[in-house]
Amino acid sequence: MSKVSVTKDAGPPESAPSGLVVLDNVNKHFGALHVLQDIDLTIARGEVVVVIGPSGSGKSTLCRTINRLEPIDSGYIAIDGKPLPAEGRELAELRADVGMVFQAFNLFAHKTVLENVTLGQLKVRKTEKQEAIANARKLLDRVGVANQADKYPAQLSGGQQQRVAIARALAMDPKVMLFDEPTSALDPEMINEVLEVMQQLARDGMTMVVVTHEMGFARSAANRVVFMADGRIAEEATPDQFFSNPRSDRAKDFLSKILHH
Amino acid sequence: MFDFLDQYDLWDAFWVTIKLTIYSGIGSLIWGTVLAAMRVSPVPVMRAFGTTYINTVRNTPLTVIMVATSLGLFQTMQIELGGGDSSETGFRLAVLALIAYHACFVCESLRSGINTVPVGQAEAARALGLSFFQVLTLIVLPQAFRSVVAPLANVLIALTKNTTVAAAIGVTEAAALMSTMVENESDVILLVFAVFAFGFICLTLPVGLLLGWVSKRVAVKR
């Protein structure tokens, strides 16, 4: 079947690297724009990978391909050894194991904070209601918004909303968390409260893919920095190496623009 | 002045109008929601069916649909919808025609409501592992309904007045009684019109006011 597939689903690579998240030779186009070009990336269990790069470099798209919010044109993506299925029940099951936090929070506006955090447990995991509520309260406490449980998202500040969004994702007990520019829509004084929650999460051993412009977070929390430019991974290094001694010209140029002003 | 009314059962006629409105209103809401779900579904066949249905039925005059149910379904194909006698069958056919027609407007109102729900919320729901049906029924439609209560009130008011078309297939509702009275009471013809206009205002005005209030109550804060 895969031999005649027109989508060029390459199947698993010959020497499949073992990792929690594996991307192999991933390509994607938006019309004429080749937004992801031959992306190879393997993320180990417990690893925190920060993806940085200039606007339009494809980093958000890369993040969104991992749970197939963006389908890819060709290549192979697997999570915990299972290749991403096509749209349907299997994909929904896999997405439940992948937490996602968005730039715009995307909390459900007609549900309270508590309902936002219990919804996935009740409707996807089929958890008992009392257990789901207890779990949700624990998570809300962990991200520091326990006293806001009965409010609606519009009554919360941006920083509080984003922390609720993190709790909502954690409630599914995910194997990996994806953060798509989680602090880009926040006022400056609210960025730290969200970053602190993410730092704590990283220390607790959560596998994380974080697309961000927060270089401080990349330095302190990341195991690895992935630098993207023009749809390619231009450089991969430890934070220390990357920030003090970038190898690629593109990364040197990028860092000179953001670090000295 | 209103002595002539004594020989007619005005309440009986308006009661039929009210029943037509209630049954058709509920039916249109259900069928319209199903059509809206089809129009936003990821399945191309369903989208095509929804679009074709809306564009065909919405652009057909209600009188044509009404007469088609009577002459086509009943007299040609003997479909009685379990009506038994001819007056009950006529009533059911009229409800069917009203549902078929007004579901289009419910669907299109609802679709504009669906567009007010930020696409990110649907993405977040999918990312949690909810199915398309769950995303629609738990996240999208509840918010869509809240934002279209006022437009749906317009549809309900139009539906209430459009029940008069049922007179064309012999349903004895308000407009049918009115044409009888117009024939028999030609000396007070303006009064006859005024009585029926007032009757319909009594039905539609409270509906508009009530749903206007509901609309403000249930609006989703963003």
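So you know, we letter chains A, B, ... as the sequences are listed, proteins then strands, and number each from 1.
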Checking heavy atoms, do the side chain of [X], its backbone, both or neither come under 4.5 Å from chain B?
{"X": "A:Ala109", "value": "both"}
{"X": "A:Phe108", "value": "both"}
{"X": "A:Arg89", "value": "neither"}
{"X": "A:Leu107", "value": "backbone"}
{"X": "A:Glu87", "value": "side chain"}

- Message: If you count heavy-atom pairs within less than 4.5 Å of chain A, which of B:Gly120, B:Pro42, B:Pro118 leads?
- Response: B:Gly120
- Note on the structure: Ranked by heavy-atom pairs below 4.5 Å to chain A, first place among B:Leu130, B:Ile139, B:Val119, B:Val117 goes to B:Ile139
- May I ask you to name which of A:Leu178, A:Asn67, A:Leu69 has the most heavy-atom pairs under 4.5 Å with chain B? A:Leu69
- Using a cut-off of under 4.5 Å on heavy-atom pairs, state which of A:Arg68, A:Gln103, A:Lys123, A:Met100 scores highest against chain B. A:Lys123
- Item | Segment of B:Gln134 engaging chain A (4.5 angstrom heavy-atom cut-off) | side chain
- Under 4.5 Å to a heavy atom of chain A? For B:Ala125 that would be both
For [X], does the [atom1] atom sit with more than 12 other heavy atoms under 6.0 Å from it, leaving out its own atoms?
{"X": "A:Glu128", "atom1": "CD", "answer": "no"}
{"X": "A:Met190", "atom1": "CE", "answer": "yes"}
{"X": "B:Phe14", "atom1": "CZ", "answer": "yes"}
{"X": "B:Glu88", "atom1": "CD", "answer": "yes"}

- Task: Mark yes or no for whether A:His110, through its side chain, and B:Leu138, through its backbone, hold a donor-acceptor pair below 3.5 Å.
- Result: yes
- Message: If we check side chain to side chain contact (heavy atoms under 4.5 Å, CB included) with B:Leu128, which of these qualifies: A:Arg125, A:Arg168, A:Arg95?
- Response: A:Arg168
- Please round to the nearest 0.5 Å and tell me the distance separating atom CD of B:Glu123 and atom CD of A:Glu70. 7.5 Å
